[in-house]
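First comes the structure, then the notes that go with it.
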Amino acid sequence: MVDLLEGLNEQQREAVTTTEGFIRVLAGAGSGKTRALTHRFAYLVNEIGILPGNILCVTFTNKAANEMRQRIHQLTGDNDTGYINTFHGFCVSVLQEDSHAVSYPKSFLVLDNSDIDAMLELIYEERGLTLRDMTFGNARDMIEMKKLKEIPDYYEDLIRMSLDELYDKYQKAERKDLIIFYGYLYQQKKCFGLDYNDLLIFTLHIFQNNDDIRQKWQERLEYIMIDEFQDIDAPQYKLMRVLCDYHKNLFVVGDPDQTIYSWRGADAHFLTEFSEKFPKVKTIYMMHNYRSTPNILRAANDLIRANKDRLPKDLLPELPEGTPVLCHMAGNSEKEGEWIAKRVKALHEDGWKYRDMTILYRAHYLTLPLEQAFLKNKLPYTIYSGTQFFDRMEIKDAMSYLRMVAFKDDLSFRRVVNVPKRNIGQRRMAFLEDFARQNDVSLYTALRENLDHEVFRGPRARQFVHLIEDFAGSYESRPVSELLSDLLNQSGYEEMMRTNGSQERLDNLAELKQSIYEYEVSCGEETTLDSYLKHAALFTNADTAEKGDKVRFMTVHAAKGLEFPIVFLAGMNEGTFPSRKVRTLEAMEEERRLSFVAVTRAEQQLVLTAAEGRNLDGTPRYPSRFLFDIGVDQLVFDEPPREGLIKEAKEYIEMKTRYLGTGDVEDSLFDIGDRVEHPVMGLGTILERNAEKSAYLIRFDDMPTPRAISYRAKLKATPKGEGEGNDGEPIPYQRQY
């Protein structure tokens, strides 16, 4: 116990040793929450005697889970590290054990975006759709929206309908969105594939409809710990409540000041209102910051203090004073990029490595002047969140070969059956598709059963089948890293790459093998091909960062959870950061939380830059309000701002702030159907209210189409029926939001 508690501060010790009941830890940026979580896990195992397999620890990226697993292994010396995973990864564990409850095999596929796109390609070809009808990206968004909101019981079709029934429903669909949606469900059912949304929804469905399975998991998970609790959404919250309902031991860690994912369903109120939802909650504040210098923390504290909807708290510095926060006001975006490049060059000459420096920005479109300046000055850089590692051609091919060995699914078959070339072109694929459809078998089975058919005369198809059969018969007893090396060698894939001179692709394959080996080391003997494939399908871009001595460019969202010695925060302008899309006070507070996350990524130096000039619409470009939240007196300017700039910016920000609504429909004075009079447009009827944009959609009597009118407009109430124009007939309209 002395070893586990040594080096922890008072609040961290309290978090580690408080084991029973409902515990909320409000942990500020850089306060050592990962250390507290891992030591708490080890304390439960080493000092209390809890079995690791009875502990669930949830975090939000696979990278964080892997690091946590390795730390816990070092603390406990036990290869069993329980359930340390993301929510989706934990759901994979549940479904691997209990998918029989929904008549799915244990060998179900976890689908990523490339798998979904491959399915969409089949649907579009079969039903004569094109990207003009709907892009794949929009189709994926549409499918997600239907699953979450429009057709929330879709999983009933996947679970209860036969393949023929689903195919019939798909064929009878006439609307394009329904054709794509039910075509996708059919393709999912065909290969027993589940996407990210399905993993949570299927798990909840199993728990809700199978008391014995739910109780088994509730009894097994004696202690539940959840990291980044401010980022969980409603389905994750629901799953957590189910799991902790038996032992009632729930430990959550989070920081409401770092809630930046509300646009994808995250709700910080699950954290801030935790004590109201659970009995006898103990709250522990961890505010001692071990990451950033006091100068940086003062800027961060002053910045976030401008938010009204928050729990009052300040980060407390533990490091000595460092470099003051530097600010630069450039004449335009090009000069801003050039100044940053020269500053990076100077820091490198002073002994800093390029990889010590990171440039953060609100959105990727801001990189152009930065890239131009870096290319001009011959500075190495990499854009984080560019092509994701697992989206690269050679990595997808390698993973498809592994999936062929384990699952022999159609998606993988289509991808690699002719890579390298095996003379299985369109004519032979059409033959296989017809045979598979008529005999209700997979494409691989169709090929295996037709090797003696005249269509497949020649050795290459036979060699492919023999390759897959040989590896399928032995893979369960072999390490995955070794299996992949032999598979890529014997298939001729790496030889093809060498012949083509694709050294970068060969390097990426070597990186994949190394990452698999590291995964095997962290998971011990439990690693199987099936578990690895499901694990890899859940990777995010944050798990596969570029290496090498390069300056990193990334969005603030991508930087969440990371830290860097030197941070440049570029594009600190009104309309850029905060975004010009912000319409409500609530949205503005989220933007401020996002800027708080950006500032607290910096360890030793923070540099803020903005650019004057004009926006695309011709309006003047002003410094961000977040600079004024920090306080210009706290910033060191390398050059004094232009005379009058600060005064002009503050007046502009004050004017823009007056137009921010609360995001509630209560901001409006009128209801849908009310008759109103506009001083210019005349009489009209309110058709819709848009709280986010603080605007009405009004059909004016003397106009052929409706207009979006701000809540701020000077509208007067008019009795219904007065001046009804257009004979009272509703006018067809197109939504303008």
Side-chain angles (χ1 to χ4, degrees), residues 293 295-296 299 303 322-384 549-556 559 564-578 595 598-599 601-616 620-646 648-649:
T293 63
N295 282 317
I296 294 171
L303 170 64
T323 306
V325 177
L326 180 63
C327 188
H328 175 73
M329 296 286 182
N332 55 45
S333 297
E334 289 71 27
K335 291 179 180 178
E336 180 184 14
E338 186 66 28
W339 185 88
I340 290 173
K342 289 180 177 177
R343 182 76 182 174
V344 165
K345 195 171 184 178
L347 287 166
H348 184 65
E349 290 171 353
D350 285 344
W352 291 96
K353 291 181 172 61
Y354 287 119
R355 63 173 173 267
D356 291 332
M357 295 175 265
T358 299
I359 300 175
L360 303 182
Y361 38 77
R362 179 63 178 83
H364 274 304
Y365 72 85
L366 298 167
T367 64
L368 180 58
L370 293 168
E371 289 191 74
Q372 289 173 333
F374 270 61
L375 290 170
K376 177 182 174 183
N377 288 273
K378 296 182 172 59
L379 298 173
Y381 70 92
T382 180
I383 298 181
Y384 197 82
D549 192 22
K550 302 176 182 178
V551 179
R552 285 168 288 190
F553 292 8
M554 67 179 74
T555 65
V556 182
F564 317 99
I566 301 174
V567 168
F568 291 82
L569 184 50
M572 291 296 285
N573 289 96
E574 283 293 303
T576 301
F577 201 5
S595 66
V599 167
R601 298 312 94 197
E603 296 174 326
Q604 298 181 47
Q605 292 189 36
L606 174 65
V607 182
L608 308 172
T609 67
E612 287 194 73
R614 293 193 173 273
N615 297 307
L616 290 175
R621 191 181 290 155
Y622 292 111
S624 169
R625 67 186 65 205
F626 301 148
L627 297 177
F628 301 112
D629 291 338
I630 292 171
V632 292
D633 55 327
Q634 285 218 52
L635 304 174
V636 173
F637 291 87
D638 68 318
E639 297 176 3
R642 172 178 61 80
E643 186 177 351
L645 176 63
I646 302 300
E648 292 170 21

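Computed from a predicted structure; not experimentally measured.
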Looking at T367, V551, T609, which hits side chain to side chain contact (heavy atoms under 4.5 Å, CB included) with I359?
V551
Say you draw a straight line from NZ of K345 to CE of M357; how long is it, rounded to the nearest 0.5 Å?
12.5 Å
Taking atom CG of D549 and atom NE2 of H348, what is their separation to the nearest 0.5 Å?
6.5 Å
Scanning both residues in full, the closest heavy-atom pair of A598 with V556 reads CB-CG1, 3.7 Å
SB check R642 E648 (cutoff 4.0 Å):
yes
Residue pair L326 / F637: nearest heavy atoms and the distance that separates them
CD1-C, 4.4 Å
Taking it one step at a time, do E338 and N377 satisfy side chain to side chain contact (heavy atoms under 4.5 Å, CB included)?
CA-CA 9 Å; E338 186 66 28; N377 288 273; 3.3 Å; yes
Check: N573 side chain, Y622 main-chain N or O, donor-acceptor pair, under 3.5 Å:
yes
Please, which pairs that meet salt bridge (charged side-chain N to carboxylate O under 4.0 Å, His left out) have at least one residue in residues 357-371, sequence neighbours excluded?
R362-E591
Quick one: pull up OG in S595 and CG in L608 and give me the separation to the nearest 0.5 Å.
9.5 Å
Quick one: closest heavy-atom pair of G322 and N295, and the distance?
O-ND2, 2.8 Å
In short, T382 meets K550 closest at the heavy-atom pair CB-CD, 4.0 Å
Note, M329 side chain near L627 side chain (heavy atom, < 4.5 Å):
yes
Scanning both residues in full, the closest heavy-atom pair of A341 with L379 reads O-CD1, 3.3 Å
I'd like to check the side chain to side chain donor-acceptor pair (under 3.5 Å) partners of D638; sequence neighbours left out, ordered by chain and number.
H328, W339
Mind running side chain to side chain contact (heavy atoms under 4.5 Å, CB included) on L347 and R343 for me, showing each step along the way?
CA-CA 6 Å; L347 287 166; R343 182 76 182 174; 4.2 Å; yes
Can you tell if the side chain of V567 reaches within under 4.5 Å of the side chain of L360, non-hydrogen atoms only?
yes
Closest non-hydrogen atom pair, L370 against L366
CD1-O, 3.9 Å
Would you say the side-chain atoms of E336 pair up with the backbone N or O of G571, donor to acceptor, closer than 3.5 Å?
yes
Cut-off 3.5 Å, side chains only: do R621 and S333 have a donor facing an acceptor?
yes
Under the ring pair (Phe, Tyr, Trp, His ring centres under 6.0 Å) rule, collect the residues that match up with Y381, sequence neighbours excluded.
F374, F553
Could you grab the distance from atom CZ of F568 to atom CD of Q605, nearest 0.5 Å is fine?
7.5 Å
Point-to-point distance, once rounded to the nearest 0.5 Å, from CZ of F628 to CG of L635
9.5 Å
Within the 4.5 Å heavy-atom criterion, are P623 and L645 side-chain neighbours or not?
yes
Would R601 and T358 satisfy side chain to side chain contact (heavy atoms under 4.5 Å, CB included), going step by step from the backbone distance to the final call?
CA-CA 10 Å; R601 298 312 94 197; T358 299; over 6 Å; no
Under the criterion side chain to side chain contact (heavy atoms under 4.5 Å, CB included), I'd like the reasoning laid out for T555 against Y361: C-alpha separation, chi angles, the key distance, then a yes or no.
CA-CA 5 Å; T555 65; Y361 38 77; 3.8 Å; yes
Can you measure from CD (Q604) to CD1 (I566) and round to the nearest 0.5 angstrom?
7.0 Å
